[in-house]
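For reference, the structure discussed in these notes is given below.
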Amino acid sequence: MSQPNSWQPGSNVEKDRLEKAEKLAERGIELYPRRVQRTHTTAQAIAAFDAAGEDAAPVTVTVCGRIRRMNIRGRVAFMHIEDDSGRVQLFIRVNDVGEATYEIIKEKLIELDDFVQATGHMMRTKTGEVSVAVQEIVLLSKSLSPLPVIKQKTLDDGTVVEYGEFTDIEARYRQRYADLAVNHGVREVFRKRSRTINAIRAFLDDEEDMLEVETPILQPIYGGAAARPFTTHHNQLDQMLYLRISFELYLKRLLVGGYDAVYEIGRDFRNEGVSYKHNPEFTQIEFYKAYADYNDVMDIAERMVAYVAQKVNGTTRVHYDGHDIELAPPWRRVRLRDAIREASGIDYMAHPDAPALAEAINAISEKPLPPDTTWGRMIDILLSRFVEPNLIQPTFLIDYPRDISPFAKRVDYDDFHVERFEMFIAGMELGNAFTELNDPRDQESRFIDMAQLYAADDDEAAPMDEDYLRAMRYGMPPNGGFGMGVDRLVMLLTGQTSIRDVLLYPHMRDQK
RNA sequence: GGCUCCGUAGCUCAAUGGCAGAGCAGUUGCCUUUUAAGCAAACGGUUGUAGGUUCGAGUCCUACCGGAGUCACCA
């Protein structure tokens with residue numbers, strides 16, 4: 001350490017630990033050594049003992065991990081060390097490790113939260129726990145700040161009971177490392193998150209033969225969704241840039257280029273409010289498949305979610321927020337118009353303009369509509385107030401009004417609706433998809449419609465993406481597109497009811 | 001951004017407007033098969049921040065900081 005440290009111990013525990021670190025250094029013990037010689041994970045060590053059998057020659061292992069429990073008796077000590085695979089008990093006797101080493105343990109110079117490496121043979125203690133009879137123990141990393149103390153007891157049936165908690169939500173999010181280190185189950189949520197993304201990729205690559213691509217996150221023109229963007233700036237080019245709000249327009253250009261089916265898994269950024277299901281940056285999967293329509297996309301979507309659930313949880317059933325949900329296809333498909341009519345009694349086709357529809361809504365809902373609500377927006381309000389909360393089992397709502405769907409192709413039965421669906425599970429919107437518009441002239445007029453809508457609105461115009469139209473004029477194959485919020489799928493598969501609990505680092509306000 | 005609730009020891013929580021407490025962790029002892037180990041003792045606080053009311057504020061009031069919930073925004 002060449003620079004003096006500004007860090008000062010903030011508690012009696014930290015003061016003690018700093019003193020212990022100095023004592024160790026005085027005894028010539030390296031606090032943060034370079035080399036480690038692990039031969040077994042804790043799980044492998046136990047498995048090796050079980051495989052060898054009780055009467056076999058001793059299995060010698062070197063295991064590493066963080067000390068999570070200590071019980072020092074006069075001349076013998078027990079501790080549990082934890083690594084990514086689990087825990088194993090160390091059995092340490094002064095006779096085996098020698099006076100000098102035992103002193104270090106007895107004085108707790110090596111203590112809770114430190115990382116250690118232990119070498120010894122596997123054995124079973126009197127009370128039956130498979131343990132490492134330690135011959136040598138080496139400090140791997142000295143912990144200077146105490147983690148929250150959580151003790152656990154494993155019952156006979158294998159369930160783990162915890163005593164002591166680390167529940168301060170703010171601290172858990174701001175210091176996710178501490179949350180992961182001590183809270184049983186949090187690491188499993190994020191393992192499942194990883195498996196979810198792997199499974200999506202496997203499904204689209206192997207089952208659907210799609211090509212994974214990467215498109216720009218920094219975009220000169222944003223689009224593909226209605227959301228406020230984050231802005232940034234390239235210094236040398238003196239160029240205003242937006243963080244993407246969707247991948248849509250860049251992916252569809254690739255179908256013009258000749259790929260049959262492309263997908264991207266990545267981060268979107270939306271400069272909007274945060275909630276239990278909204279984070280400013282979130283992970284999205286979008287795919288676009290040539291020669292497919294929204295019916296084909298529905299087939300793919302329901303198979304994909306079931307496939308992922310099977311891979312992640314080993315079942316297509318999930319228990320979420322008090323509901324038992326079956327994800328196996330086929331899912332219910334209902335026209336949006338019918339769903340709204342059933343739930344609210346309002347047939348929006350009977351109220352074809354904003355004032356008429358507003359009157360109908362105000363007649364049945366106490367909540368006032370925001371001023372200047374457009375007709376399309378009212379449809380959305382009807383959907384979110386009356387329909388969405390009740391869509392517990394997987395459901396596709398299909399055929400949306402054209403006004404609120406600028407990238408979807410018209411249905412064949414009227415001029416009002418487009419071939420679009422949204423999918424809902426557990427009262428949450430998970431995905432959004434269309435039979436994609438591929439008529440460049442129709443697309444241009446939709447852009448103009450949107451620009452007018454936004455201009456009437458407020459601060460920003462919906463950007464007209466001229467290059468996207470140019471691409472489309474070369475000819476874009478008919479195609480079906482799909483987008484899904486991966487975080488929300490992970491919530492569903494892990495039983496978490498807040499998006500923050502499936503994001504390792506959810507967005508937080510600056511700490512002053 | 002509006003409204004409601006919350007912020008006390010490292011962690012989890014108590015405390016009618018009247019001496020700021022407990023358990024765990026840490027410290028000091030005892031203990032060679034414990035496992036939420038145990039027993040004994042001592043220690044641990046600018047009650048989120050800044051003001052105010054009051055003889056007296058963790059508690060009541062105002063503002064601010066942070067968090068949660070909810071509404072709005074999110075086609």
Side-chain angles (χ1 to χ4, degrees), chain A residues 9-17 19-20 68-80 87 89-96 102 106-108 111-113 123-129 131 133 145-155 160-174 178 182-183 224-228 245 270-278 280 282 367-371 373-381 383-384 400-408 420 422 429 432 446 449-450 453-454 457-458 462 498 500 506 508-512:
Chain A
S11 67
N12 60 334
V13 182
E14 289 183 338
K15 277 188 201 100
D16 291 337
R17 291 201 175 182
E19 282 168 18
K20 289 171 179 179
R68 294 302 310 280
R69 171 186 160 258
M70 273 190 112
N71 175 17
I72 300 168
R73 306 181 52 103
R75 307 288 284 165
V76 62
F78 300 86
M79 55 179 81
H80 275 110
R87 292 186 177 197
Q89 179 169 261
L90 306 184
F91 175 56
I92 302 165
R93 292 191 305 173
V94 62
N95 314 37
D96 297 330
Y102 195 83
K106 181 145 193 207
E107 289 176 47
K108 290 198 180 179
E111 64 193 314
L112 229 50
D113 303 336
M123 49 86 74
R124 194 184 288 278
T125 62
K126 267 185 190 165
T127 50
E129 180 163 352
S131 307
S145 296
L147 286 166
V149 181
I150 294 179
K151 299 187 175 185
Q152 33 175 264
K153 177 162 75 174
T154 306
L155 302 178
V160 174
V161 187
E162 303 210 301
Y163 303 85
E165 292 178 290
F166 179 42
T167 54
D168 182 317
I169 292 173
E170 182 179 356
R172 287 184 49 223
Y173 294 158
R174 287 195 195 276
V182 303
N183 278 334
R228 285 165 208 232
I245 58 172
R270 297 188 183 176
N271 206 338
E272 290 158 1
V274 298
S275 79
Y276 71 94
K277 53 182 179 181
H278 297 268
F282 62 100
K367 242 190 276 182
L369 289 169
T373 307
T374 61
W375 185 84
R377 173 75 189 121
M378 287 179 204
I379 303 294
D380 205 53
I381 287 173
L383 166 59
S384 53
Y400 278 57
R402 175 178 176 273
D403 293 37
I404 52 176
S405 314
F407 298 107
R420 172 185 179 186
E422 290 188 307
E429 180 200 333
N432 185 16
R446 305 276 190 107
D449 286 348
M450 292 310 288
L453 260 175
Y454 272 81
D457 189 15
D458 51 354
S498 169
R500 301 179 193 104
M508 289 274 145
R509 205 181 289 261
D510 265 352
Q511 224 171 354
K512 292 284 163 61

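All chains are named by letter (A, B, ...) in the order of the sequence lines, taking the proteins before the strands, and each is independently numbered beginning at 1.
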Rounded [atom1] spacing from [N] to [M] in Å:
N: B/C19; M: B/G58; atom1: C1'; value: 14 Å
N: B/A14; M: B/G7; atom1: P; value: 9 Å
N: B/A68; M: B/G10; atom1: C1'; value: 23 Å
N: B/A42; M: B/U46; atom1: P; value: 22 Å
N: B/C6; M: B/U16; atom1: P; value: 14 Å

In B/S/- notation (B base, S sugar-phosphate only, - none; protein heavy atoms under 4.0 Å), nucleotides 36-50 of chain B written 5' to 3' is BB-------------
Non-neighbouring partners of [X] that pass side-chain contact (heavy atoms from CB on, under 4.5 Å), sequence neighbours left out:
X: A/Val161; answer: A/Leu155, A/Tyr163
X: A/Ser384; answer: A/Glu388
X: A/Gln152; answer: A/Arg87, A/Val160, A/Glu162, A/His184
X: A/Thr167; answer: A/Glu165

Please name all residues satisfying side chain to side chain donor-acceptor pair (under 3.5 Å) with [X], sequence neighbours left out, ordered by chain then number.
X: A/Glu107; value: A/Arg27
X: A/Arg75; value: A/Glu99
X: A/Glu19; value: none

Using atom names, set out every protein N or O paired with an N or O of nucleotides 67-69 of chain B below 3.5 Å, distance rounded to 0.1 Å.
{"residue": "B/G67", "atom": "OP1", "partner": "A/Arg174", "partner atom": "NH2", "Å": "3.4"}
{"residue": "B/G67", "atom": "OP1", "partner": "A/Arg509", "partner atom": "N", "Å": "2.8"}
{"residue": "B/G67", "atom": "OP2", "partner": "A/Arg509", "partner atom": "NE", "Å": "2.8"}
{"residue": "B/G67", "atom": "O4'", "partner": "A/Glu170", "partner atom": "OE1", "Å": "3.2"}
{"residue": "B/A68", "atom": "OP1", "partner": "A/Arg500", "partner atom": "NE", "Å": "3.3"}
{"residue": "B/G69", "atom": "OP2", "partner": "A/Arg500", "partner atom": "NH1", "Å": "3.1"}
{"residue": "B/G69", "atom": "OP2", "partner": "A/Arg500", "partner atom": "NH2", "Å": "3.4"}

A/Arg172: partners by salt bridge (Lys or Arg N to Asp or Glu O under 4.0 Å), with sequence neighbours left out
A/Asp179, A/Asp501
For RNA chain B, what are the stems built from at least three Watson-Crick or G-U pairs in a row, each pair having both distances below 3.5 Å?
B:1-7 with B:65-71, B:10-13 with B:21-24, B:27-30 with B:38-41, B:48-52 with B:60-64
Return whichever of A/Glu107 or A/Arg377 has its heavy-atom-nearest nucleotide of RNA chain B closer to the 5' end.
A/Glu107
On the side chain of A/Thr167, is there an atom forming a donor-acceptor pair with the base of B/U12 - under 3.5 Å, no angle test?
no
Between the side-chain atoms of A/Gln89 and the base atoms of B/U34, is any donor-acceptor pair under 3.5 Å?
yes
Run the ring-ring contact (aromatic ring centres under 6.0 Å, His included) test against A/Tyr173 and tell me which residues pass, sequence neighbours left out.
none
